[in-house]
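Below you'll find the structure, written out as structure tokens, and then a few comments.
Chain letters run A, B, ... following the sequence lines, proteins first and then strands; every chain starts at 1.
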2 protein chains.
Amino acid sequence: MSDKVKPEFQKAKKNRIFQDVVDQIQEAILEGKLTPGDVLPPERELRETFNVSRGTLREALRVLEQKGLVEIRLGTGGGARVKEAGTEQLTETLAFMIRSGTLPVVDIGEFREGMEGKIASLAALRANEKDIKRLEKILKNACEMAEKGESGWQDFLYADESIHKEIAKIARNSVYQYLMNVVHDNIQRYYNIFLDFSDNRLAENCQDLKNMVSAIKERRAEDAGRIAEEHVKRFNARMRAKEALTTQAISKNSQ
Amino acid sequence: MSDKVKPEFQKAKKNRIFQDVVDQIQEAILEGKLTPGDVLPPERELRETFNVSRGTLREALRVLEQKGLVEIRLGTGGGARVKEAGTEQLTETLAFMIRSGTLPVVDIGEFREGMEGKIASLAALRANEKDIKRLEKILKNACEMAEKGESGWQDFLYADESIHKEIAKIARNSVYQYLMNVVHDNIQRYYNIFLDFSDNRLAENCQDLKNMVSAIKERRAEDAGRIAEEHVKRFNARMRAKEALTTQAISKNSQ
DNA sequence: CATAGTCATTGGTTAGACCATTAATATGAT
DNA sequence: ATCATATTAATGGTCTAACCAATGACTATG
């Protein structure tokens, strides 16, 4: 039955020397032989170590830099520093996939429904008093903005974003927190451009937020999750409707 | 209130020429001026177009290649081809973050609980007859393997993976489907190494799968989601327990 | 003591050459 | 005529050697 095993190997990309250099340095980082903050020797020295030309070495450094593994500084005391593993790289790639349509926005929206629900549930289970206080403070601010009507609209959107991200933080799961941020920055913020005051239904949204925070405060995890999910679901439905209208208008114009 | 706006600009990375070349080509791809399959002119020609040295141009190409935007072939008729936007890049980055511990495995496990639940629910809503048939076929195979006891264990694991991925496909959401694959390949497969026959509780797992498929078939979305979530939750709990034991044993050894 | 200038270090860029791989084409044996 | 083999042109991969540009430390000068 071993013929069922899926190899999933990577194509052994030619004998490219710079790739070998990349692999060696990357491996050193993964094995902890190089840790964040470490500075690699100057290019002219590394060139000798690896016994490659400077050009080849630099191609390797470009790849490592693009992978987010090292950061390169200019001038005296400059050079390639091993970076703290971060999420910028992932974020950039995701952003590109969204912009280019590789990930359909409807799918992302739907994904967000489930994610926000789960996050709210977890937050309800894990919030401490300090968390609740911060949350209520932001909420108060948001609703004040909402009450100002159209003039407070932009600020409400900003406060709304803060609340969602704060809840993600309270859920204390780095994966959810990261995805939440990236989705918000690439989808919600994009959608908000097309929103106008009437779309936003400030009072309704504000009430949703209030209910959600209450549920979290009172540790009603299921409720919190359900409210959050419904909240996002309604938003998505409204955006889809708007999108359909836009598409319709465009196809009408192009006739 | 415009002082509240979060800029989130990127550091204007110095006057690096190759970066400018990267930006221009990337922009051309995003704008559709370059579409997948297009072949860029040879390096020696591009060098003149951008008025840079070949070395600089090649550094730009390395970055574009690393970003997954182009693929470079050798020999006559070779060159840089614009690639179909894919997920390999994202996958590689994620795999690195998991391997390096940037994303804690417990967080990923917890994330998976929610995700698998949601996927099962969606699958229940969207499965057609063909989907169900495929699913039942894989299920039957999996359970036969399970009944063989220890000898069928490895095959059961493989069939189990197939079922989960098939359900993700049925859910018809590219984001969930992608995340499911990446998590499975990087976490589940990793965990499986440490599993032994007794851990796997073949009969219990098989029953879970049966219940899940039934729920999907009968469009009981809530049930399907709950069963899937519980299934993963139990698995995670078992792995955490095992991990704690291992850690304990290690610290005992190192004393 | 402070300010401005000098200089060594290190990444960024250029130029030109040659090597290695690939696919098309020409050549030759059967 | 057909198929195998050798040639060749196109193109990426690598090397060498030089010079430019930014940076920070050191030094001289007021």
Practice task
Could you check whether the rings of B:Tyr176 and A:Phe111 sit parallel, tilted or perpendicular, using 30° and 60° as the cut-offs?
Solution key: perpendicular
Practice task
Please list, chain by chain and in numerical order, all residues satisfying side-chain hydrogen bond (donor to acceptor under 3.5 Å, both in side chains) with A:Arg134, sequence neighbours excluded.
Solution key: A:Asp131, A:Glu166
Problem - Whole-Å distance separating the CG atom of A:Leu46 from the C1' atom of C:dT10 - result: 12 Å
Problem - Distance in angstrom units between B:Glu71 CD and D:dG12 C1', rounded - result: 14 Å
Problem - Spacing of A:Leu61 atom CG relative to C:dG11 atom C1', expressed in whole Å - result: 10 Å
Fill in the blank from the handout: In whole angstroms, the gap separating C1' of D:dC15 from CD of A:Glu48 amounts to 14 Å
Practice task
Could you tell me whether A:Glu71 and A:Lys83 have a side-chain N and a carboxylate O separated by less than 4.0 Å?
Solution key: no
Exercise for the section: Look at A:Glu27 together with B:Arg99 and state whether they make a salt bridge at an N to O cut-off of under 4.0 Å. Expected result: yes
Completion exercise
DNA chain D nearest-nucleotide lookup for A:Gly77 and B:Gly77: closer to the 5′ end is B:Gly77
Practice task
Kindly write out the residues that satisfy side-chain hydrogen bond (donor to acceptor under 3.5 Å, both in side chains) with B:Thr93, not counting sequence neighbours, or none if the list is empty.
Solution key: none
Close N/O contacts between protein and nucleotides 12-16 of chain C (under 3.5 Å):
| from | atom 1 | to | atom 2 | distance (Å) |
| --- | --- | --- | --- | --- |
| C:dG12 | OP1 | B:Arg16 | NH1 | 2.8 |
| C:dG12 | OP2 | A:Arg58 | NH1 | 2.8 |
| C:dG12 | OP2 | A:Arg58 | NH2 | 3.4 |
| C:dG12 | N7 | A:Arg54 | NH2 | 2.8 |
| C:dG12 | O6 | A:Arg44 | NH2 | 3.4 |
| C:dG12 | O6 | A:Arg54 | NH1 | 2.9 |
| C:dT13 | OP1 | B:Ile17 | N | 2.4 |
| C:dT14 | OP2 | B:Ser53 | N | 2.9 |
| C:dT14 | OP2 | B:Ser53 | OG | 3.2 |
| C:dT14 | OP2 | B:Thr56 | OG1 | 2.9 |

Exercise for the section: Report yes if some heavy atom in the side chain of A:Asn186 is under 4.5 Å from a heavy atom in the side chain of A:Val182; otherwise report no. Expected result: yes
